[in-house]
Amino acid sequence: MHVRFSSRLEQRNGRVDRKLQPSPEVFCHYFVYAQRPEDRVLRALVRKTETIRLELGSLSEVIEKRLRTGIRRDEIEAAAIEGLQDDPEKKASRDAELDEAAAQRQARLRAEIDTLRNRINDARRWIGLDEGQLRDALNCSLDLLPADSLQPAPTPAGEPTRYVFPNLQVRRGGDSRWSATLDTLRQSAGPGQPLYEWRREPPLRPVVFTPPTGFDSDTVQMHLSHRVVQRLLGRFLSQGFVYHDLSRACLAQSDDAIPRVVLLGRLAVYGSGAARLHEELITVTARWIEPADRKNPLTPYGRDAEAKTISLLQESLKPGASTRTLAPAVLQRLQAAMARDMVELLPQLTIRGEAAQADAEKLLDERGRIESEAMRKTLDDQRRRVLLKYEATGDDQSVLPGFSDDERRQLSADRRRWQRWLTNVDGDLAREPQRIADFYRTRSYRLEPVGLAYLWPVTG
């Protein structure tokens with residue numbers, strides 16, 4: 001096969017930049033086919049041409065000779081192509097420039113990665129939920145189903161700990177409505193594989209709570225936006241405060257010598273449309289005193305004593321904690337004091353709840369401001385990019401002569417869509433940031449007591 005060019009590449013490029021050329025920027029395209037051996041030489045010619053144009057402004061004798069004689073398939077050899085390469089000094093100079101450009105790109109990438117890390121850390125501080133707490137919350141929700149909890153699975157060295165997620169469809173009394181949710185934990189289905197067969201054969205992939213070091217299709221990362229997590233946490237939030245009579249008083253034992261009482265309350269902050277924006281537990285702790293011995297109402301603990309009380313309560317609820325049975329007389333005394341204890345501690349719960357509500361409102365307003373500004377910046381960046389693309393395709397020079405009718409129609413449709421988007425983006429800039437800010441604006445809140453917990457010394 002003999003390929004000849006009608007003129008030199010330099011002449012061909014020069015034709016598109018004549019006087020009276022209306023376009024400020026013109027393009028000359030060369031097509032290289034991977035399956036055609038001759039184009040290995042053509043690729044080297046184009047690369048050499050660009051290098052010479054940048055350095056000397058003209059073509060070398062090697063390229064002019066090759067263009068005059070053409071490229072024959074039977075003459076293609078690696079040595080011929082290597083002969084078109086630059087001399088070592090020029091190659092070293094160009095490699096240095098490429099290394100500098102690569103270093104600049106890497107610096108930009110590192111800066112972007114640092115920005116993303118800061119955003120992740122900000123989100124973690126805002127949400128206040130680490131991987132261990134998320135795993136514990138999912139296990140509590142699985143217990144409510146009831147179902148097996150997450151179990152550690154074999155994990156390669158250096159990778160996040162893997163856990164086996166129970167197949168909620170096949171457990172006793174399993175709910176078939178979990179099928180679509182559990183599909184997010186399966187490997188992708190094979191071509192033409194029936195749905196029932198796909199759901200029956202592949203096991204659920206292990207789950208992790210820490211981002212993997214690279215791309216890993218063998219595991220699924222659990223996060224707050226995952227469908228499985230949202231469904232389990234939704235069940236936990238709807239039942240967690242009333243399950244096992246948690247709305248009543250509970251009794252726990254501790255190694256501490258002082259009897260203590262804890263009043264637990266739930267604060268919920270709502271936005272427009274009754275959207276729940278914030279929820280937290282409020283606690284009031286105090287030293288418990290026999291009602292007959294009280295000269296004043298129960299006095300709430302300060303910060304340090306309250307932290308110790310909550311720590312004792314958490315320790316007493318762990319598996320294996322003391323389950324020693326208390327004397328009936330002690331139970332009767334506590335039951336008789338419950339109503340009075342609630343009355344005396346409830347005003348303090350109200351005060352703390354109102355303070356927590358004010359703090360939550362400030363945080364929500366700040367979050368609304370940050371996300372509103374981020375949306376405005378995103379829309380501005382999109383408008384700039386779409387406008388550049390729209391203007392770049394506004395003349396005939398941007399369309400290759402070889403474009404088919406379908407490709408031209410597609411380009412016209414894209415330009416109409418870009419034009420409509422540019423027409424509407426000003427309205428989006430006015431509406432969307434304000435909509436986000438309004439979403440985080442609190443409309444009401446609710447504070448309610450959910451239970452009393454007594455910490456009784458093991459010694460009695």
Side-chain angles (χ1 to χ4, degrees), residues 128 132-133 136-137 139-141 143-144 146 149 236-268 279-357 445-460:
Q133 293 172 333
D136 292 341
N139 281 331
C140 289
S141 184
D143 290 340
L144 294 176
S149 59
F236 177 77
L237 291 174
S238 64
Q239 297 187 12
F241 290 103
V242 297
Y243 199 74
H244 284 322
D245 293 332
L246 204 68
S247 58
R248 302 178 181 179
C250 299
L251 177 63
Q253 295 177 292
S254 71
D255 295 330
D256 191 69
I258 300 175
R260 304 168 188 257
V261 59
V262 181
L263 174 61
L264 298 122
R266 177 174 63 170
L267 171 67
E279 191 170 32
E280 66 174 298
L281 284 176
I282 308 295
T283 59
V284 178
T285 61
R287 177 170 182 168
W288 189 81
I289 304 174
E290 291 279 358
D293 298 335
R294 297 179 193 175
K295 298 179 180 180
N296 297 303
L298 293 175
T299 303
Y301 276 138
R303 178 174 299 177
D304 294 338
E306 177 158 332
K308 181 179 179 179
T309 303
I310 298 301
S311 177
L312 290 172
L313 178 61
Q314 292 174 341
E315 289 295 327
S316 66
L317 297 176
K318 289 183 177 180
S322 175
T323 57
R324 182 178 178 183
T325 304
L326 294 180
V330 174
L331 297 176
Q332 292 176 1
R333 286 157 52 194
L334 293 175
Q335 289 174 352
M338 281 174 50
R340 181 173 175 178
D341 295 344
M342 177 71 73
V343 171
E344 293 180 359
L345 294 176
L346 192 56
Q348 295 297 325
L349 181 68
T350 302
I351 294 174
R352 295 189 180 186
E354 291 175 349
Q357 185 270 336
Y445 75 97
R446 181 180 180 181
L447 177 65
E448 57 183 351
V450 295
L452 279 170
Y454 289 97
L455 277 171
W456 198 258
V458 175
T459 58

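Note that the coordinates shown come from a computational prediction; the quantities given were computed from them, not determined experimentally. Just the heavy atoms: all of them, side chains too, but no hydrogens, waters or symmetry mates, feed the values below.
Between atom OG of residue Ser316 and atom CG of residue Asp256 there is a gap of 11.0 Å, rounded to the nearest 0.5 Å. Residue Arg266 holds its CZ atom at 12.0 Å from CD1 of Ile282, rounded to the nearest 0.5 Å. Here the CG atom belonging to Asp341 is positioned 4.5 Å from the CZ atom belonging to Arg294, to the nearest 0.5 angstrom. The OG1 atom of Thr299 lies 9.0 Å from the CD atom of Glu344; values are rounded to the nearest 0.5 Å. Taken to the nearest 0.5 Å, the CD atom of Glu448 stands 10.0 Å off from the CG atom of Leu349. Leu298 CG to Arg260 CZ: the interatomic distance, rounded to the nearest 0.5 Å, is 13.5 Å.
Across all non-hydrogen atoms, the minimal contact from Tyr445 to Glu354 is OH-CG, 3.6 Å. Scanning all heavy atoms of the two residues, the minimum distance from Leu455 to Leu313 falls at CD1-N, 3.8 Å. Shown here for Thr350 and Leu447, the closest heavy-atom pair between the two residues is CA-CD2, 3.7 Å. The two residues Asn139 and Ser149 come nearest to each other via the heavy atoms OD1-CB, 3.3 Å. Across all their heavy atoms, Ala356 and Glu280 have their closest contact at CB-OE2, 3.7 Å. Residue Gly451 comes nearest to Leu263 through the heavy atom pair O-CD1, 3.6 Å, listed as atom of the first residue, atom of the second, then distance.
In the displayed structure, Arg287 atom CZ is contacted under 6.0 Å by at most 12 heavy atoms of other residues, nucleotides or ligands.
A side chain to side chain contact (heavy atoms under 4.5 Å, CB included) with Thr309 is found for exactly one of Val262, Val284, Asp304, Ile258, namely Val262.
Side-chain polar atoms of Ser254 and Glu315 form no donor-acceptor pair below 3.5 angstrom.
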Using the rule given for side-chain contact (heavy atoms from CB on, under 4.5 Å), can you reason through Tyr301 versus Lys308, listing the C-alpha separation, both sets of side-chain angles and the distance that settles it, and then say yes or no?
CA-CA 10 Å; Tyr301 276 138; Lys308 181 179 179 179; over 6 Å; no
